[in-house]
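Chain identifiers are assigned alphabetically (A, B, ...) following the order of the sequence lines, protein sequences preceding nucleic acid strands; residue numbering begins at 1 within each chain. Keep in mind that the numbers below use all heavy atoms, side chains included, and drop hydrogens, waters and symmetry copies.
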Amino acid sequence: MVAINEPAICFDSVSKWFRRKGQITHALADVSLDIAPGEFVSLIGPSGCGKSTMLRLVGGLIPVDRGEVRINGESAGEARRRKHYSFVPQHPALLPWRTVKENVALLGQLNKRAGAAGIAADAQLALLHDIGLGPFVDSFPSELSGGMQQRVSIARAFALGAPVMLLDEPFSALDEITRADMKYLLLDLWSRTGSTAVFVTHSIPEAVALSDRVVVLGNRPGHIRTIVDVDLERPRQEDIEDSEQFHALVSDVRSALKAGFDSV
Amino acid sequence: MTAPEFSTPPPEPSRRLRSFLMAIAPFTGITIFFLSWELYVRISGVRPLTLPLPSDVLRHVIENPEFYWRNGLVTFQEAFWGFWLAFIAAMVVATVMAHSRFMERATMPVIVLIQSTPIAVLVPVFLLWFGFSPWPKILTAALFAWIPFVANALTGLRSIDAETHELLRSVNASRWEVYWRLRIPHSLPYLFSAARICIGLALVGAVVGEFFNSQEGLGNAARVAQSRLLVDQLWGSVFVLAFIGVASVIVLTAAERRLLRWHSSQSVI
């Protein structure tokens, strides 16, 4: 059984290599990290630092080469079989032949044996209404803007309502104004669930605004440089970005990232 | 109070005319084609044996409905079953190939072999095997239609979005679920564009099969007409075959409209 103070996600000296066309890349070197249940953790770092690799190791989408990743005490593969992940990919990845509400229902309909059907159909509709997609539930993705498509993608993850959320730069393809809206929409939805969130991003303010902790990664091979604790109060609204504390945290993360670049 | 001027869009005087022109556009080309043909034959005085009046051919078809219905149905059925046989065989082969690089590499040379062989030369072989049954014609039609189907089915089943695939894997969707919920719907537009080509190819296959040895069908009707110099019957067979092809494409397009409402090829403008 899971102990009370057991971390939700545990990286235990994890290393990962990629072999592509005879070339071997050391993606992660001896990474250890514990993420508490209900915690929101961002992974930030330069390209190729292994932040997406870490996300995929948590999700059990790629195997660990050395060390161990445990999700609530079980292996990542086992957690995946039991549908313990709500995944938000970088692009909306909607099925173009399904309407908005059918896309939101998708994850619940797959892998039925796991018994995780997600929230009920009327709750899904209520969720879509909540996030401003009410008029579009019967639209096809091609009829929506990029920002609205990403909203659907986020709604799809929350409709499954898994205990672990994996977000892979979900806002990177959006314009600045849409991004700002989406951040606090995501926070609002997440705060209702109590799920553990791992968020990969390139944006320092985004990481600070969302997270309890920002994990700063360095590259070649990927490793944890430092972890910045974000002790901003929740619930957070957009105005926290004007606070001095926020700016101080942003500059903390930035200098940690810079130190990483200088050492290369 | 009158509404401010900017609250109504400017009028579009040519809108009606434009939609009318768009509606009749498909028929203008055909009409001009047959009118020029009719006029050319009448003015130039070319012998009917070389080129008959299209109006004469049409009259001949209308006056012999039973003959063309019977033979047209035979050819249509051969092409129809050949088309579906090709589709099913292509889906089976493409499904196996899409799931295994080894199978793809192992199968590709066979496909190239079939593609490069003039399929018509196999008709005598089919006759040896199946004699005077519809099967030689159905098999020829199927072989003609198979290559575009298998090529497009393979592309469609393979070219799924990597991130969407990963999303499905994140909930441990089975191979069957990925196939049924992602690969098959994704390949529908590819299959429809193959089907457009394959309708014509299946008809060619059926007619070629009938040329070799047959007592019925429009290919046979055309062959007999040629040997007896029955110009009207020869061209009548051509007309009815063209009609079957066009009607099939229209049915296909209607199915495509329904099934691919979501696809960009169906968007207005």
Among [options], residue most engaged with chain A (heavy-atom pairs, under 4.5 Å):
{"options": "B:Ser174, B:Pro185, B:Ala173", "value": "B:Pro185"}
{"options": "B:Leu188, B:Leu182, B:Val178, B:Asn172", "value": "B:Asn172"}
{"options": "B:His186, B:Glu177, B:Glu163", "value": "B:Glu163"}

Contact winner vs chain B - [options], heavy-atom pairs under 4.5 Å:
{"options": "A:Pro96, A:Gly59, A:Pro89", "answer": "A:Pro96"}
{"options": "A:His84, A:Arg156, A:Arg82", "answer": "A:Arg156"}
{"options": "A:Gln109, A:Glu143, A:Arg113", "answer": "A:Gln109"}

Check [X] against [Y] and note the closest heavy-atom contact, atom names and distance.
{"X": "B:Ser170", "Y": "A:Arg80", "answer": "O-CG, 3.6 Å"}
{"X": "B:Val171", "Y": "A:Tyr85", "answer": "CG1-O, 4.1 Å"}
{"X": "B:Arg181", "Y": "A:Trp97", "answer": "O-CZ2, 3.2 Å"}
{"X": "B:Arg169", "Y": "A:Leu61", "answer": "NH2-O, 2.8 Å"}
{"X": "B:Glu166", "Y": "A:Arg56", "answer": "OE2-NE, 2.6 Å"}
{"X": "B:Asp161", "Y": "A:Ala93", "answer": "OD2-CB, 4.2 Å"}

(request) Give, as side chain, backbone, both or neither, the part of B:Leu259 having an atom under 4.5 angstrom from any heavy atom of chain A. (result) neither
(request) Tell me, for B:His165 versus chain A, whether the close heavy atoms (under 4.5 Å) come from the side chain, the backbone, both or neither. (result) neither
(request) Count the heavy atoms of every other residue, nucleotide or ligand shown that sit under 6.0 Å from CH2 of B:Trp69, and state whether that count exceeds 12. (result) no
(request) Can you establish whether the number of heavy atoms outside B:Phe34 located under 6.0 Å from its atom CZ is more than 12? (result) yes
(request) For residues B:Leu168 and A:Leu106, determine if any side-chain heavy atom of one lies less than 4.5 Å from a side-chain heavy atom of the other. (result) yes
(request) Quick one: pull up CH2 in B:Trp262 and CG in A:Leu95 and give me the separation to the nearest 0.5 Å. (result) 9.5 Å
